[in-house]
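One structure is given below, encoded as structure tokens.
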Amino acid sequence: MTKNIRVRFAPSPTGPLHIGGVRTALFNYLFAKKHQGTFVLRIEDTDQNRYVEGAEHYIANALDWCTIPFDEGPGKEGAFGPYRQSERKPVYQKYADQLIASGHAYYAFDSAEQLGQHRTAHEAEGKTFVYNWHNRLSLDNSLSLSPEETQQKIKAGTPYVLRFKCPQDETLSLTDEIRGDMTIDTNVLDDKIIFKSDGMPTYHLANIVDDHLMEISHVIRGEEWLPSLALHVLLYRALGWDAPIFAHLPLILKPVGKGKLSKRDGDKIGFPVFPLQWTDPKTQELSSGYKEDGYLPEAVVNMLAFLGWNPGTEQELFSLEELIQEFDLKRVQKAGAKFDPDKTKWFQQQHLQRTDTADLIAPFEAILATHQINTTLSLSTIIELVKERAVFTKDLWELSSFFFITPIAYDAKASKKAWKDDTTALLQELITVLSDISDYTTDTITPIVKTWITSKEIGFGKVMMPLRLALVGSLQGPDVYAIAATIGKEETIQRIEKAMDHL
């Protein structure tokens, strides 16, 4: 690719950012970074009626948490700003006027009531009302009125919108990087509104103008915009501009059944659909987020990358840098990608295992503080021993609490299985063996205890099961020699003695 790569993520601030939007942002980011390009955030707030306070701030914070920050956008002004469409209002009027002057757009004065009557009449005949070439000359617009009548209506303050005049009897050729070549009969297109009565453009005009003026080279967006592709290509042509390269990403589907993934699916099954926690400013309803639920951003990014894309190899675990290196639009699939909550947890667990133990100490200390644990034990050692069974950082406490708290009760089923008539005598002898070990480490304890058990000509389970029960309170946990070494000789012996007294 020779031209400068500039891509944009253009969400509307109408609520929290859905993970489908995050996936779109991610693919744009990966494509830009692979080709040394620029990732732009543009806030498409032309629909002021749906604007939600705090949503724009949420979007920026979500991208930052996911480690896919934008290069240009609100607060990171570049040469192509402003980056909020509401601040670009004067820009759009110029191009709306240009489309009127060139005959590619027209004034439409039809009221909502008039259009409603047309729709009702069509429905009564089993038809769908479409405002385009076949009826526009019989409707209330500047094509059916004389120039004088049109100007009189405008001067009189009659509400109007601008509609794009779709061409008649043309076969339009379209190309998409993911879906390939397509054709569409322009006779089926409706004359979309491109400028509203409130003086703001609709998404269609603002989108085209902004992408052109911001020199966007590739438009990578969700499949829901595919029906608008023909109109957008026609708008580029009408304005005399070259269109960017388009790529429409597949939908993210429900875990079960058909349809697009929604917040309701997350509520029903019990998983987040937003990157960060969100409180609705109107209802105060709280929606969970991946961050607050304990997910690592790298796990979420890895999971989202595989919703509609694959590297063409068996590799599933990727760092962000590896994703940038491997990402290719040609490997994005057309079909919808089913969201899998269990697979998401798998990605989380795998990335937690890959996390350097040193980076887990601080969050583990915070967890211990909530349990009022103040310890001199080696936290890095404990984390290393238990983290392979953890899915989230918060799981480390449940998996390791016995290191810090001496068992006061013993699992009944485990006790019946592990504690036999000769167990107390064997453990009393084991205490003597442990007491004689001067270098009390896993590497030292292991061979000494194994040699002693072998010399007794008994099964290892006769000693190791009651020893684990004494140290942990159950038959769960990592290597029992490592547990003994970590808690120390004195604590090990005290726990054995306490178990003997109890059992």
Side-chain angles (χ1 to χ4, degrees), residues 1-8 10 37-38 40 42 44 46 72 78-85 87-108 131-133 136-137 141-143 147 150-151 154 160-177 179 181-196 199-221 225-248:
M1 298 185 183
T2 54
K3 67 177 182 178
N4 291 334
I5 300 300
R6 288 180 57 82
V7 299
R8 53 45 166 200
T38 303
V40 179
R42 187 173 70 228
E44 303 209 336
T46 54
E72 291 177 23
F80 299 89
Y83 296 91
R84 294 184 187 90
Q85 285 187 337
E87 297 173 4
R88 299 172 64 83
K89 186 175 177 179
V91 175
Y92 308 119
Q93 185 69 58
K94 170 185 173 182
Y95 297 102
D97 292 343
Q98 181 180 325
L99 290 170
I100 288 285
S102 65
H104 288 101
Y106 58 92
Y107 297 96
Y131 200 129
N132 66 3
W133 62 274
R136 58 194 173 206
L137 292 179
N141 56 59
S142 58
L143 298 179
T150 297
Q151 288 304 312
I154 293 173
Y160 66 83
V161 296
L162 300 188
R163 289 184 179 271
F164 182 72
K165 186 181 178 183
C166 282
Q168 185 178 349
D169 299 331
E170 181 181 339
T171 299
L172 190 64
S173 296
L174 306 170
T175 300
D176 184 278
E177 285 291 282
R179 294 154 203 284
D181 296 330
M182 299 167 279
T183 58
I184 190 164
D185 179 2
T186 59
N187 287 337
V188 305
L189 301 175
D190 55 340
D191 291 356
K192 289 286 189 186
I193 296 172
I194 59 172
F195 215 79
K196 297 177 290 186
M200 287 294 285
T202 63
Y203 170 84
H204 302 293
L205 179 61
N207 172 274
I208 297 308
V209 169
D210 287 344
D211 283 347
H212 174 73
L213 297 181
M214 293 182 179
E215 299 181 7
I216 299 301
S217 63
H218 294 70
V219 172
I220 304 170
R221 59 189 180 185
W225 294 111
L226 193 58
S228 301
L229 179 58
L231 171 62
H232 293 175
V233 169
L234 289 170
L235 278 166
Y236 274 106
R237 188 174 78 181
L239 289 164
W241 300 334
D242 291 331
I245 294 169
F246 290 95
H248 288 83

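- In this structure, R8 fails the cation-pi test against F80, since its NZ or CZ atom is not both closer than 6.0 Å to the six-membered ring centre and inside 45 degrees of the ring normal.
- Taking CG of D191 as the start and CG of L231 as the end, the distance is 9.5 Å to the nearest 0.5 Å.
- Pairing each heavy atom of A247 with each of E177, the nearest pair is CB-CB, 4.0 Å.
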**OP:** Decide yes or no on side-chain contact (heavy atoms from CB on, under 4.5 Å) for N207 and W225, but give the supporting numbers first.
**Re:** CA-CA 12 Å; N207 172 274; W225 294 111; over 6 Å; no

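- Heavy-atom minimum distance, Y131 versus A108: OH-CB, 3.9 Å.
- At distances below 3.5 Å, not a single donor-acceptor pair connects side-chain atoms of N132 with backbone N or O atoms of V188.
- Separating the CG atom in L235 from the NE2 atom in H104 is a distance of 9.5 Å, to the nearest 0.5 Å.
- Atoms CG and CG, on N141 and L162 in that order, are 11.5 Å from each other to the nearest 0.5 Å.
- Side chains of Y83 and D210: a donor-acceptor N/O pair is absent below 3.5 angstrom, by distance only.
- Checked for salt-bridge contact, R221 and E44 miss the test: no charged N lies under 4.0 Å from a carboxylate O.
- With R42 contributing its side chain and Q85 its backbone, the two residues share no donor-acceptor pair below 3.5 Å.
- By the 4.5 Å heavy-atom criterion applied to side chains, H232 and V219 are not counted as neighbours.
- Put simply, OG1 on T171 and CD1 on I184 are 10.0 Å apart, with the number rounded to the nearest 0.5 Å.
- Taking every heavy atom of both residues into account, W133 and N187 meet most closely at NE1-O, 2.9 Å.
- A distance-only check finds a donor-acceptor pair linking the side chain of T186 to the backbone of P167 [under 3.5 Å].
- Rounded to the nearest 0.5 angstrom, Y107 OH and T150 OG1 are separated by 8.5 Å.
- Contact detail for A206 and Y92: the closest heavy-atom pair is CA-CE2, 3.6 Å.
- Using a 30° and 60° split on the angle between ring planes, Y236 and W241 fall in the perpendicular class, above 60°.
- A donor-acceptor contact shorter than 3.5 Å links the side chain of D176 to the backbone of H248.
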**OP:** Kindly indicate, with the supporting measurements, whether the criterion side chain to side chain donor-acceptor pair (under 3.5 Å) is fulfilled by H204 and T202.
**Re:** CA-CA 5 Å; H204 302 293; T202 63; 5.2 Å; no

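- Note that CD1 of I216 and CD1 of I208 are 11.5 Å apart. Values are rounded to the nearest 0.5 Å.
- No donor-acceptor pair under 3.5 Å is formed between the side chain of R6 and the backbone N or O of V40.
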